Structures are given as C-alpha cells and as structure tokens.
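Each remark here refers to the structure printed beneath this line.
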Amino acid sequence: MDKLNAMAMFVAVVQEKGFAAAARRMGVSAPVATRAVSELEAALQVRLLVRTTRVVQVTEVGERYALDCQRVLNELRDIEQSATGSHGAVRGKLVITASSLFGRMRLGPVVRAYLERNPETEIECRYVDRPVNLISEGIDVAIRIGELPDSSYHAVPLTTVRRVVCAAPDYLARAGVPRHPDELIDHCLIAALSVESGSEWKFTDGAEPIAAPVQPRLATSSTEHAIQAAVAGFGLTRVLDEVVREQLAAGSLVEVLETFSPPRMPVHALHLQGRRASNKVRAFIDLAIAHLRDD
C-alpha cells in the first residue's frame, strides 16, 4: 500500500478505534488495514498504536503523527479540488463540538445559517461537558472556552465571556445581597461544576486575585440545572454570562459582585487543519465569528 493510502488507513484506525471498523470504512479487509499500519510503524521505527485483544489505543507519538497525516490528506484534497475546479465548493459533513449549554444556546443560529447557505452540507453537533479529542473522535471544529494549553490545534478567536454570580430577586430580598466574595460563605450556593470547581470561586479585587471558599448546598454537572435552581429562588449560582443573557435581561436573575468579576475569558474555534482549512471548516468559523462577535 502506498504511503498516502497507509496514512489515510492509520487515521481511520485512530478515529474508528479499531482495525475492523477502519477497514470497512476504507473498503478493504482487516488484514490489509493491519498490514498498512504495521508497515508505517516499521518505516518510522516507532509504535503508533498499542494493540490488545479488546481495544486499540493510540500512543502519544501516534496521536501527533495522526494529526500530521490529517493535515497532509487535507492539503492533498485541496490540490485535487483546485485541479477539478471545485475548490470553492462547500459540501460534505461537518462535525462540531462545544459544551452542552453554550452549544445549544449560542451555536444554534450559526448552525442553521451554515446549513441554509450551504445546501450540499450536513452538520453533526456533539454538545458534551467533557474533554474531546479532535483526531480520535473525528471532530472538525471544537469550541473551547478559557485559556488554551499549548497544542498542535489551530485556534481562531471568536468572542469573550465572563463568569457572573447571580440569583433571583426574591432570594436576594430574603437572604441579602453579598457585597464581598467573603460573604458567600453565608449564602445558599449552587455550583455549576462544568464552569468551575465547587470548592472555591475565583475573583479579583483590582489586580489582586481572590479565592473565595464556597460550600454549595447544590452541586451539579448541568449548568442548565444550576440556572433553573437559581431562577426558582434557591440560591446564588455562578455561570457564564452568555448562558443567562435572557434571564438577566428579563430580571429573573440579578448579577451580584460585579466589581469583583475576573477578566473575560476567550472563546476559540479549534480545528486540525492549520492555515489550509477545508472550505466547510472555514465557512463555519467565518459564520461563528460574524454571529458571536456581532452579539
């Protein structure tokens, strides 16, 4: 098998997490898929995959190599599209991921606009509150909130968000309005664990950081659950401003401790394809920038 086909086979094995599924996807037999990856490993003199009787796991070297293989295959696709005159076309399936509530509330208009503008496309949205590996899970674009660790992914800034502490007016009338983060210890707190730890909430006082210890009465992995409890008057919660816009505007939630709010956090679109991103990836990110920055 030639090197490019072997690279495509290796990427398929990583994404499908097995040789049999990858072989079906590529239209070859399982022994052919196994031999292709073994030949790559022999040529590189490194272990790309760890094989057991139950699972196939990619090594750290293998993950980096899969990322580089995907870039090479994307560039080859662009060259072929340019030669056939279809370079400007936006078509095919796009897989995106984001945190569950941010994805449902903020990316819905972007997804609909993308599909309306590009009739030869389809989108799969995976909104989950867990780390996602783009290469092994076959993700085209991931929306990430917060500072990014160093990585091989290409990051495009979209907008910024900030954490807000808020509660229903009737709760504040009953329990009082906290004037300093230290007073949170005397309040009924709802911790949205997908936003930050349930043991402390971080603030700033001018240039000085403040870590306020908290003891939540309710801790939940669902940000939506935390917001519902706060709107019902159960207590104070801390979430991203983007997901409580409507409640703050309507007055069903009121922000407190705004002067101690930490700096805004960046929101990025991550993808694997570097500067030569595919048309479908570029089209989606361009729409995300237009929608989120306008808002």
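Note that the coordinates shown come from a computational prediction; the quantities given were computed from them, not determined experimentally. These numbers come from the heavy atoms of this one structure, side chains and all, not from hydrogens, waters or symmetry mates.
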Exceeds 12 heavy-atom contacts within 6.0 angstrom, atom CZ of R174: yes
Is there a side-chain contact between R245 and M105 (heavy atoms, below 4.5 Å)? no
Check: Is there a donor-acceptor pair under 3.5 Å between the side chain of D2 and the backbone N or O of N5?
Finding: yes
Please determine whether residues V256 and L248 belong to a single hydrophobic cluster, defined as Ile, Leu, Val, Met, Phe, Trp and Tyr linked transitively by side-chain heavy-atom distances below 4.5 Å. no
In terms of heavy-atom contacts, does CZ of R104 have more than 12 from other residues, nucleotides or ligands at under 6.0 Å? yes
Separation between OG1 (T97) and CG (L134), nearest 0.5 Å, reads 8.0 Å
Electrostatic pair E16:R24 at N-O distance under 4.0 angstrom | no
Test your reading of the model: is there a side-chain donor-acceptor pair from E41 to the backbone of L49, 3.5 Å cut-off?
yes
| query | Is the closest side-chain heavy-atom distance between L287 and R117 below 4.5 Å? | reply | yes
All heavy atoms of A30 vs all of A20, minimum pair found to be CB-CA, 4.5 Å
- prompt: With hydrophobic residues grouped by side-chain heavy-atom distances under 4.5 Å, do V50 and F10 end up in a single group?
  reply: no
Discussion item. Between Q70 and Q15, is there a side-chain heavy-atom distance shorter than 4.5 Å?
Written reply: yes
- prompt: In terms of ring plane angle, is the pair H187 and Y171 parallel, tilted or perpendicular, where the classes change at 30° and 60°?
  reply: tilted
Less than 4.5 Å apart, side chain to side chain, heavy atoms only: is that true for V28 and M9?
yes
One should read off an interatomic distance between T237 OG1 and H225 NE2, to the nearest 0.5 angstrom, of 10.0 Å
#### Entry: Other residues, nucleotides, ligands: >12 heavy atoms within 6.0 Å of E200 CD
yes
Take atom CD of Q215 as the centre, draw a 6.0 Å sphere, and report whether it contains more than 12 heavy atoms from other residues, nucleotides or ligands.
no
- Do any N or O atoms from the side chain of D241 and from the backbone of V161 form a donor-acceptor pair under 3.5 angstrom? no
In this structure, CD1 of I190 is separated from CD1 of I227 (nearest 0.5 Å) by 10.0 Å
Does the side chain of V239 come within less than 4.5 Å of E224's, by heavy atoms? no
Check your understanding: Does the side chain of L107 come within less than 4.5 Å of C125's, by heavy atoms?
Key -> no
Closest non-hydrogen atoms of F203 and P262, given as atom of the first, atom of the second and distance, are CA-CD, 4.3 Å
What about V46 and V37, same hydrophobic cluster or not, with Ile/Leu/Val/Met/Phe/Trp/Tyr joined at side-chain heavy-atom distances under 4.5 Å? yes
In short, P157 meets I289 closest at the heavy-atom pair O-CG1, 4.2 Å
**Trace of the side chain to side chain contact (heavy atoms under 4.5 Å, CB included) decision for T121 with F284** = CA-CA 11 Å; T121 62; F284 181 82; over 6 Å; no
When rounded to the nearest 0.5 Å, the distance separating OH of Y65 from CG of L44 is 4.5 Å
All heavy atoms of E122 vs all of L115, minimum pair found to be CA-CD2, 3.9 Å
Kindly work out whether a path of hydrophobic side-chain contacts (I/L/V/M/F/W/Y, heavy atoms less than 4.5 Å apart) joins V111 to I285.
yes
CD1 (I143) and CD1 (I96) are apart, to the nearest 0.5 Å, by 6.5 Å
Hey, are the side chains of R163 and K202 touching, using non-hydrogen atoms and a 4.5 Å cut-off? no
(Q) Counting only heavy atoms from other residues, nucleotides and ligands, does the tally under 6.0 Å from CZ of R162 exceed 12? (A) yes
Stepwise, does the side chain to side chain contact (heavy atoms under 4.5 Å, CB included) test hold for K17 with V58? CA-CA 8 Å; K17 299 180 178 61; V58 63; over 6 Å; no
Can you check whether V231 reaches L253 side chain to side chain, under 4.5 Å on heavy atoms? yes
Nearest heavy-atom contact between H180 and L257 is N-CD2, 3.5 Å
_Under the criterion side chain to side chain contact (heavy atoms under 4.5 Å, CB included), I'd like the reasoning laid out for V90 against Y114: C-alpha separation, chi angles, the key distance, then a yes or no._
CA-CA 10 Å; V90 179; Y114 175 87; 3.8 Å; yes
Correct closest heavy-atom pair for T204 and S261 would be OG1-O, 3.3 Å
Should L193 and I145 be counted in the same cluster of Ile, Leu, Val, Met, Phe, Trp and Tyr side chains packed under 4.5 Å apart? no
The reported gap from NE2 in H271 to NZ in K280 (rounded to nearest 0.5 angstrom) is 12.5 Å
side-chain hydrogen bond (donor to acceptor under 3.5 Å, both in side chains) test vs D129 passes for just one of S100, S99, S222, namely S100
Q: Check the pair L172 / L236 against side chain to side chain contact (heavy atoms under 4.5 Å, CB included), numbers first and verdict last.
A: CA-CA 9 Å; L172 296 174; L236 288 154; 4.2 Å; yes
